[in-house]
Number of protein chains: 2
Amino acid sequence: MRGWRLTAQRRVVAEVLDGDHVHLTADEVHARAVSRLPEISRATVYNTLGELVTLGEVLEVATDGRAKRYDPNAHQAHQHLICSGCGAIRDVHPLGDPVAALPADQRFGFTLSGAEVTYRGLCPDCR
Amino acid sequence: MRGWRLTAQRRVVAEVLDGDHVHLTADEVHARAVSRLPEISRATVYNTLGELVTLGEVLEVATDGRAKRYDPNAHQAHQHLICSGCGAIRDVHPLGDPVAALPADQRFGFTLSGAEVTYRGLCPDCR
DNA sequence: GCCTAGCTTGGACTTTGTCTAAGTCAATAC
DNA sequence: GTATTGACTTAGACAAAGTCCAAGCTAGGC
Ligand SMILES: [Mn+2]
Ligand SMILES: [Mn+2]
Ligand SMILES: [Zn+2]
Ligand SMILES: [Zn+2]
């Protein structure tokens, strides 16, 4: 390998995925990327998102059976609170380690690596 | 409405979704249903699964970005432990109510209705 | 034995994501 | 400076999962 290139396309995807409480689908990332770089392709957005996930810079979040969401807040462990009405997503920080709530006799010999918690409810606007 | 009919198709779908630790995809339900009732259609399987979910008899579980899984163990609150190697799914019962771990200042005015926890790890066979 | 609401079916269609062949770009060698 | 060449991008084909619809079938009520 002669090296990794920071291309205009990769820069634009990284710029779109900047900020807090950002949980965009690949298509949303593509739409925003297109507005900055009109000819960027879907394939490149998917490729770049995959690279960012592999690098640990972005998390893939599968909260419903629909499109995955891409979360740049990868360096701080957190969980998600989702409005059942409008789909709004918030990052939340529960007390303690969720893995600790699973007793040994409920681990069935598994080596646990983590746990994802999705809290569901109605946001103030939807209530 | 003149009534709801217990058709052969609905009975077969219900029979396929029987037992513990059952977490089949719609296509898997269809495949097993076809072996009992060869001409049952995909559309009817999807329709019936949707009805069972609406009735609260079956849970929809979205654990990865792929196909949803249908879980007949709807009457006992539980969470899921998934092997990152082979995808095996176990029902598990953590201590306490997961919702209780989210402090008031992390609820952002939401009215919480529940929480889903996905524990990840490697099963004994995959380790 | 009809009528008709309820049900099922096959296939078209949509959404989300992957893959590939062809072409473009840019770092290095010369 | 130019050629080389591996890295990258693109459009579009393809695939998986799910939804929708028009047409036809079925069974319960009369
Ligand atoms: Mn997040
Ligand atoms: Mn289950
Ligand atoms: Zn809302
Ligand atoms: Zn395993």
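In what follows, chains carry the letters A, B, and so on, assigned in the order in which the sequence lines appear, proteins first and then strands, with residues in each chain numbered from 1.
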For C:dG10, does OP1 or OP2 lie under 4.0 Å from any side-chain N or O of B:S41? no
Per the side chain to side chain donor-acceptor pair (under 3.5 Å) rule, which among B:H80, B:R69, B:R90 passes with B:H23? B:H80
Between B:Q79 and B:V117 (side chain of the first, backbone of the second, donor and acceptor by atom type, cut-off under 3.5 Å), is there such a pair? yes
What's the CD-P distance between A:E28 and C:dG17, to the nearest Å? 11 Å
So which nucleotide from D:dC8, C:dT8, C:dT16 ends up closest to the side chain of A:A67? C:dT16
Pairs touching residues 97-114 of chain B that satisfy side chain to side chain donor-acceptor pair (under 3.5 Å), sequence neighbours left out: A:R127-B:T111
Quick one: label B:A43 by what it contacts on the DNA or RNA (base, sugar-phosphate, nothing), any heavy atom closer than 4.0 Å. base
Set of residues satisfying salt bridge (Lys or Arg N to Asp or Glu O under 4.0 Å) with respect to A:R36, sequence neighbours excluded: A:E15
Using side chain to side chain contact (heavy atoms under 4.5 Å, CB included) as the criterion, list what pairs up with A:Q76, not counting sequence neighbours. A:N73, A:H93
Between B:Y70 and B:L17, what is the shortest heavy-atom contact and its length? O-CD2, 3.8 Å
Separation of A:L37 atom CG from D:dC8 atom C1', in whole Å? 13 Å
Taken to the nearest whole Å, CZ/B:R11 to C1'/C:dC7 is 14 Å
Checking D:dT10, C:dC7, C:dT18 against the side chain of A:Y46 (C-beta onward), the nearest is C:dT18
Hey, what do you get for OH (B:Y119) to OG (B:S84), rounding to the nearest 0.5 Å? 14.5 Å
Between protein and nucleic acid, restricted to nucleotides 14-16 of chain D and to nitrogen or oxygen atoms under 3.5 Å apart, what atom pairs and distances do you find?
residue	atom	partner	partner atom	Å
D:dA16	O3'	B:R66	NH2	3.2

What is the distance, rounded to the nearest whole Å, between atom CD of A:E51 and atom P of C:dT18? 13 Å
Holding to ring-ring contact (aromatic ring centres under 6.0 Å, His included), I want the full list of residues that pass it with B:H21, two or more places apart in sequence or in another chain. none
For nucleotides 21-25 of chain C, which of its nitrogen or oxygen atoms have a protein nitrogen or oxygen under 3.5 Å away, and what is each distance?
residue	atom	partner	partner atom	Å
C:dC25	O2	A:R5	NH1	3.4

In Å, rounded to the nearest 0.5 Å, how long is the span from CG of A:L81 to CG of A:D91? 10.0 Å
Under 4.0 Å between a side-chain N/O of A:T7 and OP1 or OP2 of D:dT9, yes or no? yes
Between C:dT16 (P) and B:K68 (NZ): distance, integer Å: 12 Å
To the nearest angstrom, how far is A:L6 atom CG from C:dA26 atom P? 12 Å
Report the distance from atom CD of A:Q9 to atom P of D:dA11, rounded to the nearest whole Å. 11 Å
In this structure, how many angstroms lie between the C1' atom of C:dT8 and the CZ atom of B:R10, rounded? 10 Å
